[in-house]
Amino acid sequence: MTKRFLLLALMPFMLHANELPAPVKALEKQGITIIKSFPGPDGMTGYLGKYQEMGVTIYVTPDGKHAISGYMYDEQGNNLSEKLIAREIYAPAGRELWKQMEKAPWIQDGLASAPRTLYVFADPFCPYCHKFWEQSRPWVESGKVQIRTLMVGVIKPASRPTAAAILAAKDPAKTWHDFEKSGGKMALDVPSAIPPEQAKTLNINQKLMDELGANATPAIYYMSDTNELQQVVGLPDAEKLAVMMGEPPKQN
């Protein structure tokens, strides 16, 4: 999963510089932003920070005169630093980005009462978006999954006007469903100039997609069982599909 984008959404409490030991202050001057301190092993004090939008951990010796930047492992080889970074930085940031997607202008596909929700950034001319739409039908039609589609126009010049036509339809959800069911062959009333309302929607979705670090469609997002944001860019394989969709629907 892409880590870079998650830090952009999180503005944690930062420690004041005068609370930091000298070697950590020196690392701050090299571009590391210190977020919080935590107890380290053998009398050391740990510091959680970020550098170039990646989480980092620093361990200061008990005398406060030396600092080690890097991962800490236990005797079983478990990466303790990675777990801390995921829990304290990436997981909260992912939940904030999920809230942003909830507020974005999406098209509902499936029951609102479905126990699982996925967000998908889709281009009307993306063949992999169409294949994913086909893959998802058993879960959507059985009421297991609700897909919230955020329309974007990234593949070719006709993408944005076509996406705008879907968004401007009397029933965008039905229009998107019928368009995908036709394999993209259904005729649409494509505008020569995109109306302001649809242009705003497409711009919002594109900005959010960029912030999430996705550079292709479909870009799919869902929350794991541990409430952590997960990202799958491109057409998922069978294993990934099973994980994101959850329990397979019963066959008639």
Side-chain angles (χ1 to χ4, degrees), residues 5 8-9 96-114 116-223 229 231-236 241 244-245:
F5 69 85
L8 301 178
E96 287 301 314
L97 285 166
W98 184 263
K99 291 178 183 179
Q100 289 186 38
M101 286 188 283
E102 287 181 324
K103 296 176 183 178
W106 39 265
I107 295 173
Q108 182 174 322
D109 180 15
L111 298 178
S113 60
R116 187 169 293 236
T117 299
L118 277 69
Y119 288 92
V120 181
F121 291 86
D123 184 298
F125 292 106
C126 170
Y128 300 111
C129 297
H130 175 66
K131 288 182 180 179
F132 176 68
W133 184 89
E134 290 183 320
Q135 286 179 329
S136 68
R137 291 308 89 195
W139 285 270
V140 172
E141 292 172 2
S142 66
K144 297 286 186 182
V145 172
Q146 176 195 173
I147 293 179
R148 297 176 175 179
T149 302
L150 297 104
M151 300 299 303
V152 292
V154 295
I155 290 182
K156 58 183 181 178
S159 292
R160 277 178 65 89
T162 303
I166 294 167
L167 293 167
K170 184 177 180 180
D171 186 342
K174 184 179 185 305
T175 301
W176 175 238
H177 177 277
D178 293 347
F179 182 80
E180 285 292 75
K181 190 174 182 179
S182 74
K185 296 177 182 179
M186 187 180 83
L188 295 169
D189 185 12
V190 179
S192 56
I194 299 175
E197 183 179 350
Q198 283 71 52
K200 181 180 179 182
T201 293
L202 291 170
N203 290 340
I204 290 171
N205 291 348
Q206 184 63 61
K207 182 175 183 293
L208 184 53
M209 182 177 169
D210 292 341
E211 289 176 354
L212 285 158
N215 56 8
T217 55
I220 307 163
Y221 298 87
Y222 65 100
M223 298 300 286
L229 184 65
Q231 177 194 62
V232 177
V233 177
L235 186 68
L241 186 69
M244 70 172 66
M245 291 296 186

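- A pairwise comparison of heavy atoms in I107 and A173 identifies CG2-CA, 3.5 Å as the closest pair.
- Counting all heavy atoms, side chain and backbone alike, I166 lies closest to P124 at CD1-CB, 4.2 Å.
- Atom CD of E211 is separated from atom CG of L97 by 7.5 Å, given to the nearest 0.5 angstrom.
- Taking CD from E197 and CG from L167, the interatomic distance works out to 9.0 Å, rounded to the nearest 0.5 Å.
- The minimum heavy-atom distance between A158 and P161, with the atom names listed, is O-CD, 3.4 Å.
- When each of D109, V232, I147, L150 is checked for a side chain to side chain contact (heavy atoms under 4.5 Å, CB included) with V120, only I147 meets the rule.
- Stacking of R137 on the aromatic ring of W139 is not recorded, the 6.0 Å distance cut-off and the 45° axial limit not both being met.
- Atoms CH2 and CE, on W176 and M186 in that order, are 10.0 Å from each other to the nearest 0.5 Å.
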Between L202 and Q206, is the side-chain contact (heavy atoms from CB on, under 4.5 Å) condition met? List the steps. CA-CA 6 Å; L202 291 170; Q206 184 63 61; over 6 Å; no
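- Here E102 does not pair with K99 in a salt bridge; the nearest charged N to carboxylate O distance is not below 4.0 Å.
- Between T117 and M101 there is no side-chain heavy-atom pair separated by less than 4.5 Å.
- Residues A199 and I194 come closest through the heavy atom pair N-CG2, 3.6 Å.
- Here the closest non-hydrogen pair linking T149 and A122 is CG2-CB, 3.9 Å.
- Using a 4.5 Å cut-off on side-chain heavy atoms (C-beta onward), F121 and L212 make contact.
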Please evaluate residues V140 and Q146 with respect to the criterion side-chain contact (heavy atoms from CB on, under 4.5 Å), reporting the C-alpha separation (whole Å), side-chain torsions for both, the decisive distance (0.1 Å), and the verdict. CA-CA 6 Å; V140 172; Q146 176 195 173; over 6 Å; no
Go through M245 and Q135 one step at a time and tell me if the side-chain contact (heavy atoms from CB on, under 4.5 Å) criterion holds. CA-CA 10 Å; M245 291 296 186; Q135 286 179 329; over 6 Å; no
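- The nearest pair of heavy atoms linking A214 to A219 is CB-CB, 3.6 Å.
- Other residues, nucleotides and ligands contribute at most 12 non-hydrogen atoms within 6.0 Å of the OH atom of Y128.
- To the nearest 0.5 Å, atom CZ of residue F125 and atom NZ of residue K156 are 4.5 Å apart.
- For D189, the CG atom is loosely surrounded, since the number of other residues' heavy atoms within 6.0 Å does not exceed 12.
- Here the OG-NZ distance, from S136 to K131, works out to 14.5 Å after rounding to the nearest 0.5 Å.
- Checking side-chain atoms of Q108 against main-chain N and O of G110 turns up a donor-acceptor pair under 3.5 Å.
- D123 and T217 share no side-chain donor-acceptor pair at under 3.5 Å.
- Remark: L208 CG to N203 CG distance equals 12.5 Å, nearest 0.5 Å.
- Screening Y119, Y221, Y222 for a ring pair (Phe, Tyr, Trp, His ring centres under 6.0 Å) with W98, the sole residue that qualifies is Y119.
- A donor-acceptor contact shorter than 3.5 Å links the side chain of N205 to the backbone of M151.
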